[in-house]
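One structure is given here, and the rest of the page talks about it.
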Amino acid sequence: MRPHVTIRFRTDAPVEPLPHWADVIGRPSLAQARMHPAVDAVFDRYQVPILATSEYPPAGRAWSPEEIAAGLNRVYRAVLLTEQGVPAGLVRDINLVPEVETAELGVVGSMPLPTSSALGSSHGRDWARRAIGLEGAHLISTGDESITVAVLDTGVDTDHPELREAMLPGKDFVDIIDDAGAFIGDYIDA
């Protein structure tokens with residue numbers, strides 16, 4: 001993932017709607033290079049080209065009153081299109097723009113990937129069910145088919161017999177990088 005700066009504009013700042021960053025990844029033709037004249041001037045001064053996107057999409061066709069009250073419609077993501085990283089002082093200078101409420105460097109989390117033995121192959125078939133206390137949970141409820149559950153996971157077997165028919169299209173936010181920084185892929189078939 002490229003470095004990015006998350007910018008929350010003040011309520012009265014005139015900012016045009018921008019496409020959500022995940023939509024731009026899927027459809028590069030939606031990409032825009034400008035966000036707001038004063039913020040664009042800071043990126044220009046540092047000679048850093050960006051993709052201007054929104055950080056959040058509305059849950060429906062338009063922003064709900066609750067989303068607007070939370071300020072989700074005022075949060076944008078500037079994806080840096082440079083290999084040099086984020087220049088020192090860039091985020092500080094964006095925070096000095098009067099129309100900006102806050103600006104901060106987008107942080108990408110990482111962690112070591114466990115070896116295949118840690119992925120459950122040696123724990124038996126029901127180790128994951130025991131780990132989450134599924135038997136006890138089923139004493140209370142076995143679910144409701146009208147409820148959609150989001151699973152945030154570093155990997156899931158989409159061909160698993162218990163999941164195959166229940167999975168909806170998802171988003172892939174995981175890239176596996178080795179210790180040398182080389183891209184391995186989106187999953188490991190261990």
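When all heavy atoms of Glu99 and Ala38 are compared, the closest pair comes out as OE1-CB, 3.9 Å. The two residues Pro19 and Ala52 have their closest heavy-atom pair at CD-O, 4.4 Å. Residues Glu55 and His20 come closest through the heavy atom pair O-NE2, 3.2 Å. Of all heavy-atom pairs between Glu67 and Ala62, the closest is OE1-O, 3.9 Å. Minimum interatomic distance between His4 and Val79 (heavy atoms only, all atoms of both residues): CB-CA, 3.9 Å. Contact record, Phe43 with Leu90: CE2-CD2, 3.7 Å, taken as the closest heavy-atom pair.
Between Ile7 and Met35, some side-chain heavy-atom pair lies under the 4.5 Å cut-off. Considering only heavy atoms from C-beta on, Asp93 comes within 4.5 Å of Tyr46 through its side chain. You'll find the side chain of Tyr76 reaches within 4.5 Å of the side chain of Val15, heavy atoms only. Looking only at side-chain heavy atoms (C-beta outward), Arg74 and Thr11 come within less than 4.5 Å of each other. For the pair Trp63/Leu72, a side-chain contact is recorded, criterion being any heavy-atom separation below 4.5 Å from C-beta on.
Without hydrogens or angle criteria, Thr53 side chain to Arg77 main chain gives a donor-acceptor distance under 3.5 Å.
Note on Leu105 and Val48: same hydrophobic cluster, where clusters join Ile, Leu, Val, Met, Phe, Trp and Tyr whose side-chain heavy atoms are under 4.5 Å apart, directly or indirectly. Under the 4.5 Å side-chain heavy-atom criterion for Ile, Leu, Val, Met, Phe, Trp and Tyr, Val100 and Val42 are members of the same hydrophobic cluster. A single hydrophobic cluster is seen to contain both Ile50 and Leu18, as judged by linkage of ILVMFWY side chains at heavy-atom distances under 4.5 Å, directly or through other members. Hydrophobic clustering keeps Leu30 apart from Trp21 (ILVMFWY residues linked when any side-chain heavy atoms are closer than 4.5 Å, directly or through intermediates). Linking ILVMFWY side-chain heavy atoms closer than 4.5 Å, directly or via other members, places Leu80 and Val24 in two distinct hydrophobic clusters.
Rounding to the nearest 0.5 angstrom, the gap separating the NE2 atom in His36 from the CG atom in Asp40 is 8.5 Å.
Between Arg10 and Glu101 no salt bridge is recorded (no basic side-chain N to carboxylate O distance below 4.0 Å). Of the charged side-chain nitrogens involved, at least one lies within less than 4.0 Å of a carboxylate oxygen, so that Asp44 and Arg34 count as a salt-bridged pair.
Asn73 and Tyr56 form no side-chain donor-acceptor contact under 3.5 Å, judged by distance and modelled atom types alone.
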